[in-house]
Amino acid sequence: MKLKSTLYSLLALLSIGTAFAGDETASAIADTKFIIDNLWILISAALVFIMHLGFASVESGMCQKKNTVNIMFKNVFIVCIGAIGYMLWGFNAMYPGGDFVGYFAAGSPISSGFTGDDHAANLTNAYADYTYWSDFIFQAMFAATAATIVSGAVAERIKLSSFMVYAAILVTFLYPITGSWEWGGGWLNQFGGEDKDNTAQFIDFAGSSLVHAFGGFAALAAVIVLGPRRGKYTKEGIKPILPSNLPVANIGVFLLFLGWFGFNGGSVLSADPESVSRVFVTTAMAGFGGGFASIIMSWIVLKKPDLSMSLNGMLAGLVGITAGAGAINPFNALFVGIIAGCICIFSVLFFDKIKIDDPVGAISVHGVCGIFGTLAVAIFGEKELAGEAISFSAQLTGTLSISAFAFVTSLILFSILKLVMGVRVDEEEEVAGLDVAEHGVAAYNE
């Protein structure tokens, strides 16, 4: 039987006193719960924001130092345009409410303020366990992540202006569409019918598909159009392009791990102690399992203990548990992480073999392991924890639909940009490095 949360049990016991103390005590208890829940959502939003520093560090550390400024600049732009685009269009497109038919909704700017009845409806527990503002900023921090995933995969040869246009369109207009399918009450949310206790639903707790697979397969399409870095694939075979700063990449992965506690823990959408603490454990153990498995597997396959593979394995475990963090128990979460860590290694080697050049392994970590994580809910998840029935077919339908949409729309968008603006820097600029070619300044003043 599911353990009752200590805090909420205490609040429930205190509420018994309302029969003697009156409505004021009940109101105080409800207000206390609301304040705690709302604070946790805001803390989680801050943790997800820190993940963008992690992405920037991983990408710059895994790439050549002559492209460091370019990578950092793109990450600054992504988080800015992600939040702005989500404010002006994305949030209301992703959570449209009203007469939403389940596939697509036009967006609009968020509300700028509330008065009268709107104030109570949006800024108190009449809205949810958190305010409208908290809801927006938490989801806005998620939104930019999809474009950040693409940033690493196309690093070191993409034209900056083209990437900026691409990222703005992706995060503002495309990401909210698939997000609305599940989190906004769209067709995936209604996939199994209205009886959620007995009919299998699509489950993606915090975004293995809706965030990570979306970004991973958008990245795959972009990389196919863009082509590999010059000199990576030769007649003699694959020529490794070595990372410039593995310590920075290591720091970036640990920052991402830290942020993931907000990414998954915040997706509980309350501060319920039992649920949040369990999600923390499932998240952590999957990440550790992925890291451990990739250490062992890379040592076996590559004959050497590979740090970059180990770091990506840790991230793969985190991506793998994201869909099922609330539906999978801690021991099974460890197995999910172990499997994801192994999958990531073979996926990276596979894409290299077919000459898909991904400098940071983003397609494998986020795309491939995002699909696995979504399917893992059906394999390892428990109905009691999920709160609804689980089926493999529902999970497969959802993750393939989201991944296919991301791939096709990204392929079309990137192909149009290639025709209109061009998407790749010329050979001279690529050899010299994008820091000097695009920004006129080097990252390191030696």
Side-chain angles (χ1 to χ4, degrees), residues 90 94 102-104 142-154 166-167 169-171 173-184 186-189 191 200-226 263 312 315-325 336 339-340 343-344 346-348 350-351 354 356 358 360-379 381 390-415:
M94 192 161 164
Y103 295 95
F104 170 78
F142 270 63
T145 305
T148 304
I149 292 168
V150 180
S151 171
V154 299
Y166 171 85
I169 294 172
L170 186 79
V171 71
F173 301 106
L174 301 181
Y175 166 78
I177 293 174
T178 49
S180 72
W181 290 355
E182 166 62 12
W183 293 339
W187 72 274
L188 279 177
N189 186 261
F191 182 72
Q201 301 289 309
F202 175 69
I203 297 171
D204 193 352
F205 182 75
S208 285
S209 284
L210 291 164
V211 178
H212 295 284
F214 180 94
F217 282 92
L220 176 59
V223 169
I224 289 172
V225 175
L226 188 63
F263 201 89
N312 270 339
L315 294 179
L318 292 166
V319 171
I321 196 58
T322 296
V336 169
I339 296 169
I343 288 173
C344 180
F346 292 107
S347 178
V348 168
F350 168 76
F351 281 117
I354 63 172
I356 299 293
D358 178 0
V360 301
I363 298 167
S364 298
V365 169
H366 300 278
V368 175
C369 291
I371 285 181
F372 164 71
T374 309
L375 298 178
V377 178
I379 300 168
I390 305 169
S391 88
F392 190 86
S393 61
Q395 295 303 109
L396 183 63
T397 299
T399 193
L400 292 183
S401 298
I402 293 162
S403 301
F405 178 88
F407 179 83
V408 171
T409 55
S410 178
L411 187 67
I412 293 170
L413 173 59
F414 218 75
S415 298

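In plain terms, the two heavy atoms of A167 and A147 that are nearest each other are CB-CB, 4.1 Å. Scanning all heavy atoms of the two residues, the minimum distance from W187 to S401 falls at CH2-OG, 3.5 Å. Of all heavy-atom pairs spanning A325 and F205, the tightest one is CB-CD2, 3.8 Å. Nearest heavy-atom pair across V319 and C369 is CG1-C, 3.8 Å. The nearest pair of heavy atoms linking L226 to F414 is CB-CE2, 4.1 Å.
Between atom CD1 of residue I390 and atom CZ of residue F202 there is a gap of 12.0 Å, rounded to the nearest 0.5 Å. Put simply, CD1 on I224 and CG on L411 are 7.0 Å apart, with the number rounded to the nearest 0.5 Å. Here the straight-line distance linking atom OG1 of T409 with atom CD1 of I177 works out to 7.5 Å at 0.5 Å rounding. Atom-to-atom distance recorded for F263:CZ and T322:OG1 is 6.0 Å, nearest 0.5 angstrom. For the atom pair CD1 (I203) and OG (S391), the distance works out to 8.5 Å, reported to the nearest 0.5 Å. S403 OG to I371 CD1: the interatomic distance, rounded to the nearest 0.5 Å, is 3.5 Å.
Contact check for N189 versus Q201: no side-chain heavy atoms found under the 4.5 Å cut-off. L170 is not listed as a side-chain neighbour of Y175, based on a closest heavy-atom distance of 4.5 Å or more. Using a 4.5 Å cut-off on side-chain heavy atoms (C-beta onward), F350 and V368 make no contact.
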Name each donor-acceptor pair under 3.5 Å that joins a side chain in residues 209-223 to protein atoms two or more places apart or in another chain, with its distance.
from : atom 1 : to   : atom 2 : distance (Å)
S209 : OG     : T374 : OG1    : 2.5
S209 : OG     : T399 : OG1    : 2.6
H212 : ND1    : H366 : ND1    : 3.0

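No donor-acceptor pair closer than 3.5 Å links the side chain of S347 to the backbone N or O of S364.
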- request: Could you give me the CA-CA distance, side-chain angles and deciding distance for L188 and I402, then say whether side chain to side chain contact (heavy atoms under 4.5 Å, CB included) is met?
  value: CA-CA 10 Å; L188 279 177; I402 293 162; 3.9 Å; yes
Worked check of side chain to side chain contact (heavy atoms under 4.5 Å, CB included) between S208 and F372: CA-CA 8 Å; S208 285; F372 164 71; over 6 Å; no
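Residue V365 forms a side chain to side chain contact (heavy atoms under 4.5 Å, CB included) with just one option from I149, V360, N312, I343, and that option is N312.
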